[in-house]
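Sequential numbering from 1 along the given sequence is applied to the chain's residues. Reckoned from all heavy atoms, side chains included, excluding hydrogens, waters and symmetry mates.
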Amino acid sequence: MANYYTENPDIKFYLTHPLMRRIVELKERGYADKDAFDYAPESFEDAIDSYDRVLELAGEISAEIVAQNAEDVDAEGPHHEGGRVKYASKTYENLDATVKAGLNGVTMPRRYGGLNFPSVPYSAINEIIATADAGFENIWSLQDCIETLYEFGDEDQRRRFVPRVCQGATMSMDLTEPDAGSDLQSVMLKATFDEANNCWRLNGCKRFITNGDSDIHLVLARSEEGTRDGRGLSMFIYDKRDGGVDVRRIENKLGIHGSPTCELVYKNARAELCGSRKLGLIKYVMALMNGARLGIAAQSVGISQAAYNEALAYAKSRRQFGKEIINFPAVYEMLSVMKARLAAGRSILYATSRYVDIYKALEDIARERKLTAEERAECKEYTRLADAFTPLAKGMNSEYANQNAYDGIQVHGGSGFMLEYACQRLYRDARITSIYEGTTQLQTVAAIRYITNGFYSQVIAKMQEEPTADEFAPLRETAKRMAAKYNECVEKVNTAGCDEYKDLCARHLYEMVATIIMTNLLIDDATHAPELFGASARVYTRYAVSEVKKHRSFIMSSSTDDLGDYRK
């Protein structure tokens with residue numbers, strides 16, 4: 001039987017990273033659950049084995065069910081009936097399979113019905129499902145909204161909502177509105193307190209809501225009358241069973257057809273406050289979006305993997321001029337770069353997931369007891385790393401998904417333009433990844449402070465000190481030369497002292513630093529598993545050199561005097 005996990009040893013490699021021992025140690029709290037839950041691990045090895053077995057199950061379901069249904073789901077799409085969403089018929093088969101396999105609520109504590117998994121295996125499941133069908137992955141992965149409810153809701157809310165998600169209830173995050181897309185400070189959906197019924201009432205409209213007819217919604221709404229900025233916004237929990245919200249329409253989209261994107265109308269809908277008033281955007285949505293961005297990074301890696309799989313299979317089977325086209329340099333060079341981008345993007349995805357795991361586990365422990373000074377320092381370090389790496393992982397993987405999907409069609413030639421080949425669906429699905437949950441331009445905005453304050457430079461310098469196998473030492477030296485060019489560009493932009501010029505150069509600096517970091521990560525991976533990553537490390541380093549040279553050329557040849565040319 002096909003299996004998207006066992007057939008891809010690259011994914012399993014990331015369960016072997018040295019930081020996994022610390023992650024499991026923090027997550028399992030001395031394996032305290034082993035006496036209360038028969039499926040709880042008793043040791044580090046037992047925990048890794050548990051992750052491995054669940055990933056194998058996810059890989060089988062993805063390959064044998066979700067992938068087999070993908071074309072039918074794409075063709076049918078969801079339906080709008082009586083103010084509700086009805087999924088494509090085979091989406092229900094996918095949901096049934098994942099729920100029965102226990103793949104819902106996997107990150108939640110066992111006391112609520114979850115598996116207490118960290119982000120690393122959760123990201124792997126995300127990637128595997130997205131390889132099968134990115135549209136269905138959207139429906140499945142939005143259960144991650146429960147992390148925000150778990151983190152900021154009260155214990156009563158956790159007891160009522162978390163078990164439902166673990167049992168298969170779907171979720172959505174209702175943030176954007178017709179006049180408030182990326183500018184969430186402009187959200188105007190109104191929340192008023194109903195004293196007679198001791199609840200909040202929501203009125204207004206939300207637009208572009210992924211899986212918008214879900215069972216449980218996290219809603220950003222304006223609770224403070226007379227305000228017009230982020231300080232007047234709060235987060236609310238809406239339960240579809242209470243009624244009051246209709247789906248006005250399902251958007252007719254380019255791709256991810258299986259995932260319904262909805263316009264919602266709230267009509268005096270009953271809701272309850274999540275956390276404290278006025279912190280909806282300032283604190284809760286920021287946490288929610290960081291989780292969502294990591295999810296899109298995993299989705300993007302899955303699409304990249306699927307595009308590579310389709311292109312490789314076609315190149316091996318298609319004959320031209322008396323031989324398979326994979327034997328032509330123009331084709332095998334394209335495939336090798338696709339695989340190298342995939343490997344580099346996957347490496348930063350799991351690095352980011354590890355950083356998230358450590359700080360999130362420490363924050364969870366802090367709810368139970370006071371952290372030690374060492375733990376507080378560790379939490380601070382990994383919080384900063386997660387915050388700095390998330391926009392790189394999301395932005396670059398989404399761009400790579402688009403590039404790999406584009407190249408996948410090119411390998412297919414004219415056949416790739418035909419609807420009968422899956423590569424065209426992947427191309428359409430990939431396009432949204434660099435737009436939703438924050439465009440690549442917004443990921444650049446999130447990353448720029450870590451560029452100009454030198455944090456990324458410090459991270460790269462530390463990476464360059466990592467042990468390197470002799471055969472990859474020349475690659476590390478090349479990475480050091482790229483870092484010197486990047487630092488030169490950062491110094492020039494900082495010295496200019498012009499915010500507009502910094503903004504003009506920001507995307508170039510962003511792609512430079514992300515490429516250099518991914519080069520170093522891939523060299524580390526190749527050092528530990530040369531049979532898996534050696535070739536991609538060499539190909540990606542050559543690719544990175546050309547990318548850094550291109551961006552450096554722009555920055556070093558430009559100045560503040562050129563700004564007028566770009567305003568035209």
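For the residue pair Asn487 and Glu491, no side-chain donor N or O sits within less than 3.5 Å of a side-chain acceptor on the partner. In this structure, a donor-acceptor pair under 3.5 Å is present between the side chains of Tyr436 and Gln299. If you check the side chains of Ser558 and Tyr501, you find a donor sitting under 3.5 Å from an acceptor. Side-chain N/O atoms of Arg538 and Thr541 include no donor and acceptor closer than 3.5 Å. Between the side chains of Arg507 and Thr444, no donor-acceptor pair is found at a separation under 3.5 Å. Using modelled atom types and a 3.5 Å distance limit, the side chains of Ser415 and Tyr314 yield a donor-acceptor pair. Counted by atom type alone, Ser123 and Ser353 present one or more donor-acceptor pairs between their side chains at under 3.5 Å.
With a 6.0 Å radius and a threshold of 12 heavy atoms from other residues, nucleotides or ligands, Lys12 has its NZ atom at or below the threshold. A 6.0 Å sphere centred on OH of Tyr427 holds no more than 12 heavy atoms belonging to other residues, nucleotides or ligands.
By the 4.0 Å N-to-carboxylate-O rule, Arg425 lies too far from Glu420 to be salt-bridged with it. Look at Arg567 and Asp562 and you find no salt bridge, because none of the NZ, NE, NH1 or NH2 atoms lies under 4.0 Å from a carboxylate O. Between Glu324 and Arg318, no side-chain nitrogen of the basic residue sits less than 4.0 Å from a carboxylate oxygen of the acidic one, so the salt-bridge criterion is not met. The pair Glu477-Lys480 meets the salt-bridge criterion, since a charged nitrogen lies less than 4.0 angstrom from a carboxylate oxygen. The pair Lys550-Glu511 does not meet the salt-bridge criterion, since no charged nitrogen lies less than 4.0 angstrom from a carboxylate oxygen. We find that Lys360 and Glu151 are joined by a salt bridge, their nearest charged nitrogen and carboxylate oxygen being less than 4.0 Å apart. Ionic pairing of Glu488 and Lys485 is not present here: no N-O contact between side-chain nitrogen and carboxylate oxygen is shorter than 4.0 angstrom. Salt bridge status for Asp525 with Arg346: absent, with no side-chain N to carboxylate O gap under 4.0 Å. Comment: Asp429 does not engage Lys253 in a salt bridge, judged by the lack of any side-chain N to carboxylate O separation of less than 4.0 angstrom. Between Arg449 and Asp387, at least one side-chain nitrogen of the basic residue sits less than 4.0 Å from a carboxylate oxygen of the acidic one, meeting the salt-bridge criterion. Looking at Glu465 and Lys462, no side-chain N of the basic residue comes within less than 4.0 Å of a carboxylate O on the acidic one, giving no salt bridge.
Looking at heavy atoms from C-beta onward, Arg431 lies in side-chain contact with Asn402 at the 4.5 angstrom threshold. The side-chain heavy atoms of Tyr14 and Pro121, taken from C-beta on, include no pair separated by under 4.5 Å. Taking 4.5 Å as the limit, every side-chain heavy atom of Val548 sits out of range of all side-chain heavy atoms of Tyr486. Using a 4.5 Å heavy-atom threshold, the side chains of Leu103 and Trp140 count as touching. Looking at Pro530 and Glu471, their side chains come closer than 4.5 Å, going by heavy atoms from C-beta outward. Asn138 is not listed as a side-chain neighbour of Asn211, based on a closest heavy-atom distance of 4.5 Å or more. Inter-residue side-chain proximity for Thr98 and Gln143 is flagged as unmet; no heavy-atom pair is nearer than 4.5 Å. Residues Asn404 and Met334 fail the side-chain proximity criterion, which asks for heavy atoms closer than 4.5 Å.
Lys492 places a side-chain N or O within donor-acceptor distance of the main-chain N or O of Ile555, the cut-off being under 3.5 Å. Counting only distance, with no hydrogens or angles, the side chain of Asp133 and the backbone of Val66 share no donor-acceptor pair below 3.5 Å. Looking at Asn397, its side chain does come within 3.5 Å of a backbone N or O of Ala393 through a donor-acceptor pair. A donor-acceptor pair is defined here as one N or O able to donate and one able to accept, closer than 3.5 Å; no such pair exists between the side chain of Ser553 and the backbone of Lys549. When atom types are taken as modelled, the side chain of Ser434 and the backbone of Ile432 share no donor-acceptor pair closer than 3.5 angstrom. Put simply, the side chain of Arg476 never gets that close to the backbone of Thr468: no donor and acceptor are under 3.5 Å apart. Using modelled atom types, one side-chain atom of Tyr122 and one backbone atom of Ser141 make a donor-acceptor pair closer than 3.5 Å. The backbone N or O of Ala292 lies less than 3.5 Å from no partner atom in the side chain of Asp144, so there is not a single donor-acceptor pair. Panel note: side chain Thr433, backbone Ala430; a donor-acceptor pair is recorded below 3.5 Å. A distance-only check finds a donor-acceptor pair linking the side chain of Thr383 to the backbone of Cys379 [under 3.5 Å].
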- [ ] Carefully, step by step, assess Tyr510 and Met396 under the rule side chain to side chain contact (heavy atoms under 4.5 Å, CB included).
- [x] CA-CA 9 Å; Tyr510 169 87; Met396 294 304 293; 3.8 Å; yes

Open item on the list: For a salt bridge (charged side-chain N to carboxylate O under 4.0 Å, His left out) check, start with the C-alpha distance between Arg53 and Glu56, then their side-chain angles and the critical distance, and finish with the verdict.
Closed with: CA-CA 5 Å; Arg53 285 185 284 108; Glu56 185 173 347; over 6 Å; no

- [ ] Run the numbers on Tyr450 and Phe455 for ring pair (Phe, Tyr, Trp, His ring centres under 6.0 Å), then give the verdict.
- [x] CA-CA 5 Å; Tyr450 293 111; Phe455 181 72; 5.4 Å; yes

TODO: Any chance you could lay out the side chain to side chain contact (heavy atoms under 4.5 Å, CB included) test for Glu437 and Met289, step after step, and finish with the verdict?
DONE: CA-CA 7 Å; Glu437 311 309 342; Met289 290 294 285; 3.6 Å; yes

Open item on the list: One pair to check against salt bridge (charged side-chain N to carboxylate O under 4.0 Å, His left out): Glu45 and Arg21. What are the steps and the verdict?
Closed with: CA-CA 9 Å; Glu45 291 75 18; Arg21 188 170 290 275; 3.6 Å; yes

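In this structure, Phe328 and Phe321 have perpendicular ring planes: the angle between them is above 60°, well past the 30° mark.
What you find for Ile139 and Gly258 is that their closest heavy atoms are CD1-O, 3.5 Å. Of all heavy-atom pairs spanning Ala469 and Thr527, the tightest one is N-OG1, 3.3 Å. Listed here is the closest heavy atom pair of Leu522 and Ser536: CD2-O, 3.7 Å.
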